[in-house]
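Reading through the structure tokens given below for one structure.
Model, not experiment: these values are computed from the prediction.
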Amino acid sequence: MKIAPKLRAELEFIEEMLDRAEDSVDRTSRGNFRDLRDRLDDWAARVAVIGQVKAGKSTFLNAFLHQHDFLPSDVNPWTSVVTNIRINLADDPITGAKFEFFSEKDWEEIINGGTRIRELTEQLLPGFDTNVLRRQSEQMRARAQRRLGKYYHTLLGSSHEYDFLSPDLLKRYVCAGPGSDDGLEREALGRYAALTKSADVYMRLPEFQVPTIITDTPGVNDPFLVRDEFTCRSLDRSDVFVMVLSAHQPLTEVDIALIRILARQDNKDVLIFLNRIDELDDYATEVPRVMADVTRRLRQAISEIDFRIVAGSAYLADLTQRSDSQAAEARAELDSAELAQYLRSRFGHVPEDPIDRLLLASGLEEVKHVLSEVIDGGVGRQQLARIRGDLRAEISGMQFVTRRERDSLQMQIESIRSDVAEAAVEEMTAEIQATSVLRSTLETLVENAEGKIEAVLNRSWTSLETRLNGCIEAFVENQKTAFADFLRTAKIRSGTVPRSFETDTTMLQAALEREVTKCYEKSRAGIDVVLDNCIHACRSTIQDHFDDPSSEITLCDMPHESFASTLTLAKRALRIDFVMERGWAFWRTPEVNIEKTIEALRLLAAEELRPAVDKILKAYSETQVERATAGISRVRVMVRMMEMTVRDRTLQLKQEKAELERIARDPVQQTRMANRIQSKMEVLERRLLNLSALESALSGINPAKPKTRAA
């Protein structure tokens with residue numbers, strides 16, 4: 001089946017609009033579209049396959065890609081490097097691979113952290129201990145040095161590239177291999193794995209209708225936390241996640257924690273593949289029960305997440321693609337009456353062909369169908385919509401410049417006669433000066449808007465910091481009552497004074513998240529008002545001098561309409577030791593000093609929560625800046641319009657002065673010049689017609705049919 005055909009149509013449409021836009025302007029103006037072209041060429045749907053170690057991720061991907069035993073999937077070796085399968089990317093090789101090695105700087109960054117997902121992982125993933133990660137990272141670096149010997153320093157920061165790729169070659173770079181390095185030969189399994197930073201595998205698969213990068217991850221809940229770290233880093237760069245669960249042990253605490261990380265990522269889509277149903281005792285009964293249980297528990301644990309569940313078996317899918325005798329025997333054994341009953345109850349029919357029966361039960365085609373829908377309607381469409389909006393703005397700016405150039409040529413025709421030539425030159429000179437002043441006015445408006453936006457950002461950041469700290473302070477103060485109730489209950493039950501108290505931070509987290517959401521909505525509204533006022537002020541200024549409203553330069557399809565808080569506290573509970581106070585009679589039972597205990601809790605809360613607050617403030621600020629930058633870039637199209645107009649008119653003025661002096665009293669030359677100018681005007685008129693058609697198409701008015709492009 002075809003994966004993401006609708007998004008391919010959108011991609012081809014924008015590509016054709018870019019082609020036509022570049023064909024419609026002169027060579028000097030094509031640079032305005034270069035950034036959009038680069039962004040479009042670099043775009044790809046990004047899918048990450050994630051889950052616990054040995055959940056069957058690599059087996060699933062092998063079947064999904066119709067590449068039996070391509071990615072390593074045995075118990076040993078296991079995947080230890082994030083592997084990016086780059087499918088149908090225009091600038092990539094048709095086949096082959098590239099393996100990049102860590103540099104010393106990379107090692108330090110792994111050990112010391114630094115990514116947003118690393119922060120989330122520390123907060124959300126059970127058992128993720130930064131100190132253990134640091135120690136294991138050092139061990140991994142030492143292992144690479146032992147294994148590679150004198151080649152270690154030579155390989156740092158470099159890469160290996162191949163025009164071909166085999167499973168055995170891949171295993172040298174992405175498999176952890178055995179625990180000991182003793183006796184390993186030069187070409188042994190996993191020789192380079194400890195030093196490999198990333199693996200890029202190139203493929204051409206016509207089934208994928210858009211460029212797609214599928215990331216195979218090492219997995220989480222690995223005793224070697226470096227692999228947890230590599231997996232979670234890959235989440236930063238992916239838009240769609242296929243989470244592979246085992247039907248035997250679906251939705252463990254680690255699985256829920258990992259999905260919670262995904263839920264915190266803005267505009268990310270989640271597809272859950274419930275793997276290994278072939279190992280269940282009763283398909284027809286067990287599969288619906290397990291799917292219902294996973295759905296219920298996910299809704300309870302993470303109510304805000306949107307997800308789809310598909311049940312199946314990567315093993316069954318793999319069997320349908322193999323032609324060896326062992327696979328044939330396995331297919332015959334699995335093609336049972338129980339399987340037929342499951343297919344009839346789940347899908348309403350049982351295919352006649354045994355291969356089709358196993359394939360349907362595998363869930364592979366259903367995964368492709370759901371993934372196609374998710375890619376077609378997900379974050380990729382939003383990213384392309386932003387490029388479309390930026391293209392509309394650029395085309396609107398080119399229309400303005402072209403109209404000015406056409407008007408200038410009309411003035412040239414009228415000024416060919418010597419008796420009005422001098423006046424025409426003076427008029428053009430005055431217009432250039434006025435346009436230059438207009439450009440400066442627009443630049444001032446944009447600079448003022450940037451200053452106002454910076455003020456909004458600073459106020460918002462400060463306000464959020466104050467509100468978050470206020471939430472923490474209110475939480476601490478509220479513990480006085482909780483302490484008193486706890487002490488009273490403890491004395492009644494045991495007659496003794498407890499030594500410590502554990503306070504639940506769930507309500508505090510909810511309060512912090514509400515403040516983040518509230519502040520972002522207010523800040524985004526403030527930024528949008530400044531941008532909207534700026535764009536209207538610029539448009540009004542232009543209209544005072546030219547009959548051109550530049551209506552297609554808008555703030556539609558801006559990024560980050562909302563901001564989902566990434567703040568989840570590292571600890572769901574804070575444990576505080578009561579501060580005890582003895583009287584002058586030392587034999588008496590010590591009393592709890594509530595005020596001193598509260599002060600101790602205040603210090604503990606500051607120590608535990610400040611890093612999380614700092615992280616959310618940073619992510620919050622970066623999101624606002626990205627939205628503001630996208631808006632300012634749209635507005636600056638107007639400034640660039642004036643710059644191009646001044647440049648073109650100045651050049652024309654110089655040419656016109658020299659030309660008019662040469663043909664001042666030669667009617668024949670004047671006629672020839674008028675004809676040349678008239679021809680240029682006709683070219684500009686056609687250009688305006690083409691740009692107007694592109695503008696209408698990009699606005700959704702009778703869009704042109706996209707051309708066909710090979711996958």
Side-chain angles (χ1 to χ4, degrees), residues 13-14 17-18 20-22 24-25 29-37 39-40 382-407 435-450 452-453 524 527-561 626-648 684 687-701 703:
F13 173 70
I14 296 176
M17 294 299 102
L18 265 172
R20 289 171 55 183
E22 292 179 349
S24 298
V25 300
S29 301
R30 290 173 187 167
N32 295 341
F33 301 98
R34 188 171 298 122
D35 176 63
L36 297 176
R37 171 72 66 186
R39 284 166 56 191
L40 194 66
Q382 299 170 25
Q383 294 163 350
L384 293 182
R386 180 180 172 187
I387 295 178
R388 182 195 275 236
D390 291 345
L391 178 56
R392 285 172 57 190
E394 291 293 348
I395 287 174
S396 183
M398 291 310 306
Q399 285 178 294
F400 177 90
V401 173
T402 305
R403 291 191 187 102
R404 302 287 76 75
E405 186 178 355
R406 178 197 60 189
D407 294 345
T435 305
S436 182
V437 171
L438 177 59
R439 190 208 66 78
S440 298
T441 301
L442 295 180
E443 182 66 46
T444 299
L445 289 172
V446 175
E447 289 177 354
N448 290 339
E450 290 176 329
K452 292 177 181 178
I453 288 174
R524 187 210 66 206
I527 291 171
D528 288 358
V529 166
V530 173
L531 289 170
D532 196 55
N533 289 341
C534 180
I535 205 167
H536 280 87
C538 289
R539 186 172 295 143
S540 177
T541 302
I542 293 172
Q543 284 180 283
D544 289 342
H545 296 79
F546 301 103
D547 183 20
D548 193 315
S550 304
S551 59
E552 292 301 314
I553 302 177
T554 69
L555 300 177
C556 295
D557 301 311
M558 296 272 287
H560 303 301
E561 194 67 24
E626 186 175 345
R627 182 174 179 86
T629 301
I632 287 294
S633 68
R634 293 271 180 93
V635 180
R636 282 200 170 274
V637 172
M638 297 187 183
V639 179
R640 197 160 58 248
M641 284 168 15
M642 297 301 113
E643 291 174 347
M644 293 177 66
T645 298
V646 170
R647 182 196 66 197
D648 294 346
L684 294 178
R687 183 177 298 169
L688 284 170
L689 287 173
N690 291 336
L691 291 173
S692 179
L694 291 174
E695 181 183 83
S696 297
L698 287 165
S699 301
I701 305 171

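- For the atom pair CG (Leu688) and CZ (Phe400), the distance works out to 12.0 Å, reported to the nearest 0.5 Å.
- Atom CD in Glu450 sits 10.0 Å away from atom CG in Leu531 (nearest 0.5 Å).
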With side-chain contact (heavy atoms from CB on, under 4.5 Å) as the test, would you mind laying out the steps for Val446 and Arg636 before giving the verdict? CA-CA 7 Å; Val446 175; Arg636 282 200 170 274; 3.6 Å; yes
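- Between the CG atom of Leu689 and the OG1 atom of Thr402 there is a distance of 11.0 Å, given to the nearest 0.5 Å.
- By the 4.5 Å heavy-atom criterion applied to side chains, Glu443 and Met642 are not counted as neighbours.
- Under the rule for a side-chain hydrogen bond (donor to acceptor under 3.5 Å, both in side chains), the partners of Arg388 that lie at least two apart in sequence or sit in another chain are Glu10.
- Using a 4.5 Å heavy-atom cutoff, the side chains of Arg39 and Asp390 are in contact.
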Glu394 and Arg640: side-chain contact (heavy atoms from CB on, under 4.5 Å), yes or no, with the steps? CA-CA 10 Å; Glu394 291 293 348; Arg640 197 160 58 248; 2.3 Å; yes
Tell me, with the steps shown, if Gln383 and Ile387 meet side-chain contact (heavy atoms from CB on, under 4.5 Å). CA-CA 7 Å; Gln383 294 163 350; Ile387 295 178; 5.9 Å; no
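- Shown here for Ala697 and Phe13, the closest heavy-atom pair between the two residues is O-CZ, 3.4 Å.
- Looking at every heavy atom in both residues, Ser633 comes nearest to Ala630 through OG-O, 2.6 Å.
- The structure places CZ of Arg439 at 8.5 Å from OG1 of Thr444, a figure rounded to the nearest 0.5 Å.
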Carefully, step by step, assess Leu36 and Ile14 under the rule side-chain contact (heavy atoms from CB on, under 4.5 Å). CA-CA 10 Å; Leu36 297 176; Ile14 296 176; over 6 Å; no
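- Pairing each heavy atom of Asn690 with each of Ser24, the nearest pair is CB-OG, 3.4 Å.
- Between Glu695 and Leu691, every side-chain heavy-atom pair lies at or beyond the 4.5 Å cut-off.
- Contact check for Ile553 versus Met641: side-chain heavy atoms found under the 4.5 Å cut-off.
- Looking at every heavy atom in both residues, Arg627 comes nearest to Met558 through O-CE, 3.2 Å.
- Considering all non-hydrogen atoms of both residues, Arg386 and Arg634 come closest at O-NH2, 3.5 Å.
- The shortest non-hydrogen separation linking Ala449 to Ile632 is CB-CD1, 4.4 Å.
- A distance-only check finds no donor-acceptor pair linking the side chain of Ser396 to the backbone of Arg392 [under 3.5 Å].
- Using a 4.5 Å cut-off on side-chain heavy atoms (C-beta onward), Val635 and Cys538 make contact.
- Between Leu391 and Leu18, some side-chain heavy-atom pair lies under the 4.5 Å cut-off.
- Enclosure of atom CZ in Arg30 by more than 12 non-hydrogen atoms of other residues, nucleotides or ligands within 6.0 angstrom is indicated.
- Residues that satisfy the side-chain hydrogen bond (donor to acceptor under 3.5 Å, both in side chains) test with Arg687, not counting sequence neighbours, are absent from this structure.
- Summarising the geometry, atom CG belonging to Leu438 is positioned 11.0 Å from atom CE belonging to Met638; distances are rounded to the nearest 0.5 Å.
- By the side-chain hydrogen bond (donor to acceptor under 3.5 Å, both in side chains) test, Glu447 pairs with no residue at all, sequence neighbours left out.
- Here CG of Asp35 is found 11.0 Å from CG of Leu40. Values are rounded to the nearest 0.5 Å.
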